[in-house]
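Each chain gets a letter, A, B and so on, in the order the sequences are listed, and its residues count up from 1.
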Amino acid sequence: MTRSMMTAIRHALTVTREADFAAWYQEVISEAEMAEESGVRGCMVIKPWGYGIWERIQKLMDARIKAAGVDNCYFPLFIPLSYFAKEAEHVDGFAKEMAVVTHHRLIQDGKGGLVPDPEAKLEEPLIVRPTSETVIGQAMSRWIQSWRDLPLLTNQWANVVRWEMRTRMFLRTSEFLWQEGHTAHADKADAMAETLRALEMYRAHAEDDLAMPVIAGEKPENERFPGAVATYSIEAMMQDGKALQAGTSHYLGTGFAEAAGIRYQDRDGQQTLCHTTSWGVSTRLIGGVIMTHGDDDGLRVPPAIAPHQIVILPMLREDEGDAALLAYCEALRSELSAQSALGEPVRVLLDKRAGKATQKRWAWVKKGVPLILEIGGRDAAGGQVSVVRRDRLWNEGGKVNFLAQNRDEFVAKGAAELEDIQRALHFEATSRRDAQIHRGITDVAGLESFFAESKRYPGWVELGWSRPTGAALEQVVATLKALKLTVRNTPMHAPAPGGTCVFTGQQAVETIYVARSY
RNA sequence: CGGGGAGUGGCGCAGCCCGGUAGCGCGUCUGCUUUGGGAGCAGAGGGUCGCAGGUUCGAAUCCUGUCUCCCCGACCA
């Protein structure tokens with residue numbers, strides 16, 4: 001019964017998540033008009049709907065950053081090679097994926113083209129920032145002299161470039177947009193507190209703003225940021241069961257401070273190295289939102305980050321009735337905009353572009369607007385609105401689930417409905433994730449057989465391990481790699497698991513999540 | 001960076017093997033009909049066949065190079 005109803009539905013996309021998750025992901029981005037190819041390897045054009053979501057993420061994240069007392073700055077795109085070369089592990093981590101500027105002028109090549117002018121070679125090459133620890137460290141070394149200057153809390157919103165071998169829209173692009181927080185502290189305790197504050201900020205943003213459940217925890221040693229003493233992440237589970245690292249926060253110790261000379265005179269008059277941190281989230285979050293909330297009809301945007309939360313579609317008929325209908329819709333838009341949802345004015349678009357309302361409707365469905373209102377002449381005359389919730393698009397009969405409601409009643413409860421959608425998306429994603437976390441595997445053979453089974457979307461495995469380091473960890477990483485698995489993180493505040501380590505047989509001291517990942 | 005696949009109107013594709021005026025579906029535009037839900041009929045517009053060389057009387061088609069995208073791998077905050 002259910003099956004026949006399901007197959008009767010004509011979805012807005014041509015590829016389902018079940019049929020081909022990677023193709024589905026790309027179709028969502030294309031059909032929701034979020035981004036497109038640019039012609040430059042690994043770089044994308046972010047279109048208004050995709051960028052609008054990013055602007056929402058920026059706005060909400062920026063408020064959280066500022067609330068923590070962190071000030072925004074801007075540092076240069078170009079970093080002198082010599083700055084970058086100072087921190088050895090950092091160099092090892094990034095050298096292979098660097099864009100380098102070597103010339104400052106072009107000349108005619110005599111064949112109608114242009115080439116870099118050999119006469120205009122830069123004395124010192126500039127790298128295009130892959131991250132800004134080094135250049136911000138240089139500034140910090142100038143800005144910090146005394147213990148009174150600490151902590152120094154900065155952030156910048158910027159683009160960065162990493163020459164990735166393999167790219168995927170939003171998830172891994174050669175150029176991406178992000179924020180990078182950089183802080184300097186008097187001691188380790190203060191720096192660690194900041195590192196964990198940022199982690200908690202990211203967890204709250206993901207859960208509350210993106211409705212994307214995450215597990216916050218510490219990365220294993222082999223997954224640390226190049227040059228970091230400790231790296232923490234938030235990890236989200238996508239609908240195909242893979243893990244997505246959705247944000248990171250690093251305690252950098254004194255290594256970067258040493259490289260850049262970030263020192264302060266302490267209360268005893270001694271020159272002392274600062275302890276620094278860095279933390280970031282990027283446009284990758286948008287990929288996470290797609291793979292967390294998207295369905296076979298396109299994206300579903302959580303109301304908190306939806307550029308438009310409600311779209312009103314007048315069923316224009318190009319006759320004398322249109323004026324009255326538009327007036328009705330405009331009044332509706334105005335009243336809804338005066339409401340407040342999720343702590344902000346409700347964002348309402350009256351889409352009165354020419355075109356059939358039904359076609360425009362499917363465009364908004366694919367974009368994932370939380371509430372779509374289609375208003376016809378009869379609604380206007382009867383004081384009604386026809387509303388469909390994007391998260392409940394289909395009714396049991398396989399039809400679009402429009403619900404006629406009294407206009408004034410809808411105005412009164414529209415904001416609450418948006419908040420309910422935000423909750424519903426979070427609940428749905430959390431339930432799905434929890435159902436796909438598997439426990440009870442006690443040895444490597446069990447792990448192998450679990451992932452060897454032809455499960456389409458195996459999800460994550462929660463294990464206890466002995467937190468091996470060095471060569472022992474390398475052994476574990478190799479074992480996991482053979483299964484295409486990685487250790488995601490050790491969740492914060494998790495009790496000691498008890499039992500023995502799946503890999504070493506020693507006492508298990510930590511809980512970890514093991515998964516395939518993006 | 002290695003292996004595989006692909007690039008032809010806005011989108012999806014055929015044509016290529018076997019060189020001879022660039023086609024189809026959807027969408028777009030116009031008109032008529034229809035009108036509470038992804039409309040019908042008729043007509044029209046729209047393409048440097050990724051790019052650059054080469055072979056040829058003639059290249060979407062054959063050859064060489066190159067760029068970009070997708071999948072797998074390696075790599076990867």
Query raised in the report: More than 12 heavy atoms of other residues, nucleotides or ligands under 6.0 Å from NZ of A:K242: is that the case?
Result: yes
Sequence-distant partners of [X], side-chain hydrogen bond (donor to acceptor under 3.5 Å, both in side chains), two or more places apart:
{"X": "A:Q179", "value": "A:N155, A:Y202"}
{"X": "A:R407", "value": "A:E335"}
{"X": "A:E33", "value": "A:K367"}

In whole Å, what is the span from the [atom1] atom of [X] to the [atom2] atom of [N]?
{"X": "A:R361", "N": "B:A39", "atom1": "CZ", "atom2": "P", "answer": "9 Å"}
{"X": "A:F170", "N": "B:C69", "atom1": "CZ", "atom2": "P", "answer": "15 Å"}
{"X": "A:L13", "N": "B:G12", "atom1": "CG", "atom2": "P", "answer": "14 Å"}
{"X": "A:E97", "N": "B:C1", "atom1": "CD", "atom2": "P", "answer": "14 Å"}
{"X": "A:R516", "N": "B:C72", "atom1": "CZ", "atom2": "C1'", "answer": "14 Å"}
{"X": "A:R168", "N": "B:U68", "atom1": "CZ", "atom2": "P", "answer": "19 Å"}
{"X": "A:E223", "N": "B:C75", "atom1": "CD", "atom2": "P", "answer": "12 Å"}
{"X": "A:M44", "N": "B:C69", "atom1": "CE", "atom2": "P", "answer": "12 Å"}

Using atom names, set out every protein N or O paired with an N or O of nucleotides 26-28 of chain B below 3.5 Å, distance rounded to 0.1 Å.
| from | atom 1 | to | atom 2 | distance (Å) |
| --- | --- | --- | --- | --- |
| B:U28 | OP1 | A:Q359 | OE1 | 3.3 |

Check every strand shown and say whether [X] touches a base, only sugar-phosphate, or nothing at a heavy-atom separation below 4.0 Å.
{"X": "A:A22", "result": "sugar-phosphate"}
{"X": "A:G355", "result": "nothing"}
{"X": "A:G39", "result": "sugar-phosphate"}
{"X": "A:P226", "result": "sugar-phosphate"}
{"X": "A:V160", "result": "nothing"}
{"X": "A:W394", "result": "base"}
{"X": "A:S386", "result": "base"}
{"X": "A:F176", "result": "base"}
{"X": "A:S38", "result": "nothing"}

Within [range] or reaching into it, pairs that qualify as salt bridge (Lys or Arg N to Asp or Glu O under 4.0 Å) - sequence neighbours excluded:
{"range": "residues 80-97 of chain A", "value": "none"}
{"range": "residues 368-388 of chain A", "value": "A:R361-A:E374"}
{"range": "residues 164-180 of chain A", "value": "A:E164-A:R172"}
{"range": "residues 470-490 of chain A", "value": "A:E235-A:R488"}

Consider only side-chain N and O atoms of [X] and [Y], and report whether a donor and an acceptor are under 3.5 Å apart.
{"X": "A:H250", "Y": "A:T231", "answer": "yes"}
{"X": "A:D297", "Y": "A:W394", "answer": "yes"}
{"X": "A:Y518", "Y": "A:D240", "answer": "yes"}
{"X": "A:T14", "Y": "A:E27", "answer": "yes"}
{"X": "A:N489", "Y": "A:S233", "answer": "yes"}

Query raised in the report: If pairing requires Watson-Crick or G-U wobble contacts with both distances under 3.5 Å, which nucleotide is the partner of B:G43?
Result: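 In the structure as shown, B:G43 has B:C29 as its Watson-Crick or wobble partner.
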**Report entry** B:G65: pairing nucleotide in any strand, Watson-Crick or G-U under 3.5 angstrom
**Finding:**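 In the structure as shown, B:G65 has B:C51 as its Watson-Crick or wobble partner.
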To the side chain of [X], which of [options] is closest?
{"X": "A:D379", "options": "B:C76, B:G36, B:C71", "value": "B:G36"}
{"X": "A:T167", "options": "B:A39, B:A74, B:C70", "value": "B:C70"}
{"X": "A:R378", "options": "B:C71, B:C76, B:G36", "value": "B:G36"}
{"X": "A:K356", "options": "B:C75, B:G73, B:A39", "value": "B:A39"}
{"X": "A:M165", "options": "B:C72, B:A74, B:U68", "value": "B:A74"}

Quote, to the nearest angstrom, the [atom1] distance that separates [N] from [M].
{"N": "B:C41", "M": "B:G5", "atom1": "C1'", "value": "41 Å"}
{"N": "B:U55", "M": "B:A60", "atom1": "P", "value": "16 Å"}
{"N": "B:G43", "M": "B:A22", "atom1": "P", "value": "23 Å"}
{"N": "B:C69", "M": "B:U64", "atom1": "C1'", "value": "22 Å"}
{"N": "B:G27", "M": "B:C63", "atom1": "P", "value": "38 Å"}
{"N": "B:U48", "M": "B:A52", "atom1": "C1'", "value": "13 Å"}
{"N": "B:C70", "M": "B:C13", "atom1": "P", "value": "14 Å"}
{"N": "B:C16", "M": "B:U30", "atom1": "C1'", "value": "36 Å"}

Query raised in the report: Does A:R166 get its side chain close enough to the base of B:C76, under 3.5 Å, for a donor-acceptor pair?
Result: no
Query raised in the report: Starting at the 5' end of RNA chain B and moving along, which residue's nearest nucleotide shows up first, A:E31 or A:I375?
Result: A:E31
Query raised in the report: For RNA chain B, whose closest nucleotide is more 5', that of A:H250 or that of A:T358?
Result: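 Comparing both residues, the 5'-ward one is A:T358.
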At less than 4.0 Å, is any side-chain N or O atom of [X] found next to OP1 or OP2 of [N]? Yes or no.
{"X": "A:R317", "N": "B:U35", "value": "no"}
{"X": "A:R41", "N": "B:C69", "value": "yes"}
{"X": "A:K484", "N": "B:G73", "value": "yes"}

Requested in this report: Can you sort out which residues in residues 365-373 of chain A have a heavy atom within less than 4.0 Å of RNA chain B? Ascending by number, please.
Outcome: none
**Report entry** Sub-4.0 Å heavy-atom contacts from residues 231-246 of chain A onto RNA chain B, ordered by number
**Finding:**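 Within residues 231-246 of chain A, the residues near RNA chain B are A:Q245.
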Query - By side chain to side chain contact (heavy atoms under 4.5 Å, CB included) - contacts of A:V229 (at least two apart) - result: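 Scan of A:V229 (side chain to side chain contact (heavy atoms under 4.5 Å, CB included), adjacent residues dropped) gives A:Y251.
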Query raised in the report: Relative to A:W178, does A:R284 satisfy both conditions: NZ or CZ under 6.0 angstrom from the six-membered ring centre, and within 45 degrees of the ring's axis?
Result: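 Geometry flag: not set, cation outside 6.0 Å or 45°.
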Report task. Can you run down the side-chain hydrogen bond (donor to acceptor under 3.5 Å, both in side chains) pairs that involve residues 315-333 of chain A, sequence neighbours left out, and say none if there aren't any? Result -> A:E330-A:R333, A:R333-A:S337
